[in-house]
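Each remark here refers to the structure printed beneath this line.
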Amino acid sequence: MSYTAILTVSEDFWETQVYSKSKHFNRYPFDRVVSVVMSSLNQLPQPLTALDLGSGTGNHLKFLCENNFSCIGIEHSISAVSLSRSYLLEHGHSPEIIVGDITQLDNFLGDNRFSFILDRGSLTHNPLLKVESALSQISSRLITGGIFLSYIFSVSHSSTHGAIEIEPSFYSGYSLGDFAGCPAPALFLTQSSILDLFSPFFTIQKLSEISTNHYLPSPHISAMFEIVCTSK
């Protein structure tokens, strides 16, 4: 299968096999996102504004709205956007949610800039050159003193073993780990490649690798980097 065909399969998968069937409906924010936001809340530029890249079914938008952020979410899946709008309205929130490509921010964000930008494992489903372009655009959207929080898969992840590297560090055809059988390609990086990728655009305040060893029913490792950045 060609590279273009693999990406098309990935986009169709999230829309037709996941969100349109109301699967993967996250209702709660990722605990580490909560920790970073709450520990930084008093230091972020006011008024509080947030951009959620790949906002999915609205779990992080809800959390951010509840903490007085004025939010914009960007999500590729039309079904996910519909689900998130309904979910957020049920809880009294109506942030702007845009159907769009998170690697093409300049096409639809106008002159908006933000005190907090979140990438909860969305950019990592794009090839390296697209992520690099996205980071350049994100850096221009971050207010001085604001925080960009990103999560990128690590090569320590078991799903890279036996997978097909279709572009540098960009894998598909998984047979092991969390992504076994999943058609969505993803970027898996090393610590040094994270530094090389983010440093031209941001000052990296914290870099951690979050790794979980699973023992039953099948041994494997889930691993991703948490990158906390500020503007240069």
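The figures that follow rest on heavy atoms only: side chains count, while hydrogens, waters and symmetry mates do not.
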**Report entry** Side-chain heavy atoms of L129 within contact of P127, under 4.5 Å
**Finding:** no
**Report entry** T49 and N112, any side-chain heavy atoms less than 4.5 Å apart
**Finding:** no
Query - Spacing of CG belonging to L142 relative to SG belonging to C229, to within rounding of 0.5 Å - result: 8.5 Å
Report task. Give a yes or no on whether F202 and F116 share a hydrophobic cluster (residues Ile, Leu, Val, Met, Phe, Trp, Tyr; joining criterion: side-chain heavy atoms under 4.5 Å apart). Result -> no
Query - Inter-residue atom distance Y87.OH - R27.CZ, 0.5 Å rounding - result: 7.0 Å
**Report entry** Flag for T190-S192: side-chain donor and acceptor within less than 3.5 Å
**Finding:** yes
Query raised in the report: Which heavy-atom pair separates I204 from S199 by the least distance, and what is that distance?
Result: CD1-OG, 3.9 Å
Query - F225 ring center near F198 ring center (under 6.0 Å) - result: no
Query raised in the report: Charged N to carboxylate O below 4.0 Å: is that the case for R141 and D106?
Result: yes
Query raised in the report: Honestly curious: do L128 and I166 fall in one hydrophobic cluster under the side-chain, below-4.5 Å linking rule?
Result: yes
Requested in this report: Please report the shortest heavy-atom distance between F69 and A50, naming the atom on each side.
Outcome: CD2-CB, 3.6 Å
Query raised in the report: Which heavy atom of T144 sits nearest a heavy atom of S231, and at what distance?
Result: CA-OG, 3.6 Å
Query raised in the report: In a check of side-chain contact (heavy atoms from CB on, under 4.5 Å) between P95 and each of L88, L64, D52, which one passes?
Result: L88
Query - Heavy-atom closest contact (L207 atom, Q191 atom, distance) - result: CD2-CG, 3.9 Å
Requested in this report: Working to the nearest 0.5 Å, report the span between CG of D111 and CG of L109.
Outcome: 9.5 Å
Report summary line: One should read off an interatomic distance between I227 CD1 and S150 OG, to the nearest 0.5 angstrom, of 4.5 Å
Report task. Begin from the C-alpha positions of S222 and H157 and carry the test side-chain contact (heavy atoms from CB on, under 4.5 Å) through to its verdict. Result -> CA-CA 5 Å; S222 303; H157 201 295; 4.2 Å; yes
Query raised in the report: Counting only heavy atoms not in E66, do more than 12 fall under 6.0 Å of its CD?
Result: yes
Report task. Given side-chain contact (heavy atoms from CB on, under 4.5 Å), test T203 with K232 step by step and report yes or no. Result -> CA-CA 5 Å; T203 298; K232 292 183 79 71; 4.0 Å; yes
Query raised in the report: Do the non-hydrogen side-chain atoms of I138 and L51 ever get within less than 4.5 Å of each other?
Result: no
Query raised in the report: Would I210 end up clustered with I221 when hydrophobic side chains under 4.5 Å apart are linked, directly or stepwise?
Result: no
Query - Flag, side chain of T124 to backbone of F153, donor-acceptor distance under 3.5 Å - result: yes
Query raised in the report: Are I117 and I74 in one and the same hydrophobic cluster, where Ile, Leu, Val, Met, Phe, Trp and Tyr link if side-chain heavy atoms are under 4.5 Å apart?
Result: yes
Report task. With sequence neighbours left out, write down each residue that passes ring pair (Phe, Tyr, Trp, His ring centres under 6.0 Å) with Y171, or none if nothing qualifies. Result -> F188
Query raised in the report: S156 and A223: which non-hydrogen atoms are nearest, and at how many Å?
Result: CB-CB, 3.9 Å
Requested in this report: List the steps, then state whether side-chain contact (heavy atoms from CB on, under 4.5 Å) holds for N67 with L48.
Outcome: CA-CA 9 Å; N67 284 279; L48 293 172; over 6 Å; no
Query raised in the report: Under a 4.5 Å cut-off applied to non-hydrogen side-chain atoms, are F114 and I72 in contact?
Result: yes
Report task. Quick one: closest heavy-atom pair of Q104 and Q137, and the distance? Result -> C-OE1, 3.4 Å
**Report entry** F30 and Y151 aromatic ring geometry - parallel, tilted or perpendicular at 30°/60° bounds
**Finding:** perpendicular
Report task. Using the rule that two of Ile, Leu, Val, Met, Phe, Trp, Tyr join whenever any of their side-chain heavy atoms come within less than 4.5 Å, decide whether M224 and V33 are in one cluster. Result -> yes
Report task. Output yes when a side-chain donor or acceptor of S86 lies under 3.5 Å from a complementary backbone atom of L83, and no otherwise. Result -> no
Query raised in the report: If you round to the nearest 0.5 Å, how far is NE2 of H161 from OG of S175?
Result: 10.5 Å
Query - Sub-4.5 Å side-chain heavy-atom contact between K206 and V36 - result: no
**Report entry** Evaluation steps, side-chain contact (heavy atoms from CB on, under 4.5 Å), between I152 and D119
**Finding:** CA-CA 9 Å; I152 303 286; D119 160 42; 4.1 Å; yes
Report summary line: Residue pairs meeting salt bridge (Lys or Arg N to Asp or Glu O under 4.0 Å), one or both in residues 177-188, sequence neighbours left out, come to none
Query raised in the report: Is there side-chain contact between S159 and L176, with heavy atoms separated by less than 4.5 Å?
Result: no
Report task. For residues N107 and D101, determine if any side-chain heavy atom of one lies less than 4.5 Å from a side-chain heavy atom of the other. Result -> no
Report task. Drop me the distance from S55's OG to R85's CZ, to the nearest 0.5 angstrom. Result -> 9.5 Å
Query raised in the report: Within the distance-only criterion (no hydrogens, no angle test), does the side chain of H125 pair as donor or acceptor with the backbone N or O of L187 below 3.5 angstrom?
Result: no
